[in-house]
Number of protein chains: 2
Amino acid sequence: MYASLLAHIARYVSLSEAEAELLPQYLKPLTLARKEHLLLQGQVCTANYFVVQGCLRTYFLTEKGAEQTVQFAIERWWLTDYASLDAHAPSEFFIQAVEPTQVLVLEQRVQEELFAQLPQLERYFRLVLQRATAAALFRVKVLFGQTGAARYQHFSTAFPEFVQRVPQYMLASYLGFTPEFLSKIRARME
Amino acid sequence: MYASLLAHIARYVSLSEAEAELLPQYLKPLTLARKEHLLLQGQVCTANYFVVQGCLRTYFLTEKGAEQTVQFAIERWWLTDYASLDAHAPSEFFIQAVEPTQVLVLEQRVQEELFAQLPQLERYFRLVLQRATAAALFRVKVLFGQTGAARYQHFSTAFPEFVQRVPQYMLASYLGFTPEFLSKIRARME
DNA sequence: GGCGTTTCTTGAACTAGTTCAAGCGGTGGC
DNA sequence: GCCACCGCTTGAACTAGTTCAAGAAACGCC
């Protein structure tokens with residue numbers, strides 16, 4: 001359970017064994033069923049979630065009532081709504097388990113204590129956020145730089161296992177088009 | 001020059017006067033003419049830029065050769081390409097001054113020394129990155145959640161001074177449509 | 001203060017992707 | 001083992017936004 005997080009932390013900063021053993025005091029495991037929500041629109045987001053096993057997504061409802069997926073998180077990704085977390089404001093998003101999922105929950109109010117105990121983690125989260133920021137910029141580049149069909153083709157060759165794993169309507173909205181259009185792209189590819 | 005950065009840092013963490021006086025050793029001022037580049041596609045990005053006065057943008061060239069703006073930075077924003085910076089890899093983006101601009105340059109290789117001297121800055125940059133990540137998510141929400149015309153209307157009521165400041169073709173591509181279409185939206189609004 | 005470049009506008013033809021509606025297939029729940 | 005539902009497909013009509021081209025306006029610079 002915690003091994004996955006410790007391995008991830010070790011990529012960025014080093015913790016002694018004694019330090020590593022402190023983590024379970026601060027992060028609580030949680031198991032989610034398929035389609036279970038961690039956050040509903042309108043609620044204040046109070047925690048950061050690390051995916052040990054499974055898949056989460058962030059989505060919102062468009063004016064027409066369609067679910068628009070804005071990000072996915074699979075194993076070893078952190079997911080939260082920083083806008084809501086930082087400002088203690090109601091979230092505009094839903095966070096939901098795409099499949100049965102195990103997460104570690106880091107509550108915002110214990111995060112400060114954790115950083116006081118293990119100051120290296122301040123650096124760890126900075127580096128995790130740098131990667132997230134780079135990923136967000138790349139996502140905007142892909143959305144603007146290529147057609148829907150090209151986005152699907154690149155995505156499905158880059159992450160073939162992931163395409164199998166999530167319902168196509170979630171993937172379609174993540175890639176910026178309708179499920180019907182995705183179906184037509186697949187038909188065209190033969 | 002440094003007062004702007006110190007005021008920004010003070011929003012997130014506190015530095016003593018003695019600590020504040022160390023900053024000029026690490027960050028170098030730089031003045032850019034309109035349209036001057038800080039980074040060209042293909043170069044490795046080696047620094048993080050803080051805008052004291054003026055405006056920067058990140059853009060890339062689409063297959064058709066059009067400039068696609070992906071982000072702007074005005075006073076008190078940091079801008080860099082973290083993908084290139086972290087991986088020491090050639091950047092896919094250009095970073096350019098939209099107007100005459102003064103920046104403070106934090107070279108990647110001196111950033112580590114700076115954090116060793118002033119560990120609070122590790123936290124400062126983490127918090128700056130949290131805001132950037134929240135802004136990136138919000139941007140995706142706006143791009144997917146509303147039509148081009150609605151995006152322009154909301155943007156120009158939220159940031160009227162900014163709309164005056166940048167050429168419309170940059171704003172059009174930032175908002176996800178062509179300059180011609182922006183012109184037509186404006187005509188429709190009368 | 002005028003010249004050259006850059007930026008903005010307008011219109012007409014076009015296209016990538018949407019919308020709506022109907023049918024089909026798999027599968028999870030009891 | 002059956003039913004209900006959810007997700008996927010297909011086609012036809014549609015629309016938001018693009019493309020291309022040409023002229024008008026505005027700006028920055030010496």
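Each chain gets a letter, A, B and so on, in the order the sequences are listed, and its residues count up from 1. Keep in mind the model is a prediction, meaning the values are calculated, not measured.
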Which nucleotide, C/dG17, D/dT18, C/dT19, lies nearest any side-chain atom of B/Lys184?
-> D/dT18
Euclidean distance, atom CG of residue B/Leu175 to atom P of D/dT18 [Å, nearest integer] | 11 Å
Give me the residues of residues 149-169 of chain B where at least one heavy atom lies under 4.0 Å from an atom of DNA chain D, by number, or none.
-> none
Any donor-acceptor pair under 3.5 Å from B/Gln108 side chain to B/Asn48 backbone | no
Between B/Glu180 and B/Arg34, just flag the one whose closest nucleotide in DNA chain C comes earlier from the 5' side.
-> B/Arg34
Given atom CD1 of B/Ile185 and atom C1' of C/dC8, what is their separation to the nearest angstrom?
-> 14 Å
Kindly point out which of C/dT18, D/dG17, D/dT19 is positioned nearest to the side chain of B/Thr178?
-> D/dT19
Nucleotide C/dG17, atom P - distance to CZ of A/Phe144 in whole Å = 14 Å
CD1 on A/Ile9 to CD on A/Gln120, rounded to 0.5 Å = 9.5 Å
From D/dT10, C/dT9, C/dA12, pick the nucleotide closest to the side chain of B/Ser183?
-> C/dT9
In whole angstrom, what separates A/Phe181's CZ from D/dG17's C1'?
-> 14 Å
Classify the angle between the aromatic ring planes of A/Phe155 and A/Phe159 as parallel (below 30°), tilted (30 to 60°) or perpendicular (above 60°).
-> tilted
Backbone of B/Gln41 reached by a side-chain donor or acceptor of B/Ser91 within 3.5 Å | no
Give the rounded distance in Å between these two atoms: CG of A/Leu171 and P of D/dG7.
-> 14 Å
Residues, nucleotides or ligands: over 12 heavy atoms within 6.0 Å of B/Glu161 CD = yes
Hey, what bend do you get for the helix from C/dG1-D/dC30 to C/dC30-D/dG1 if you fit axes on five pairs at each end, rounded to 10°?
-> 70°
According to the interplanar angle, ranging from 0 to 90°, do the rings of B/Phe60 and B/Phe93 count as parallel (below 30°), tilted (30 to 60°) or perpendicular (above 60°)?
-> perpendicular
What about B/Lys35: does its side chain form a donor-acceptor pair under 3.5 Å with the base of C/dT5?
-> no
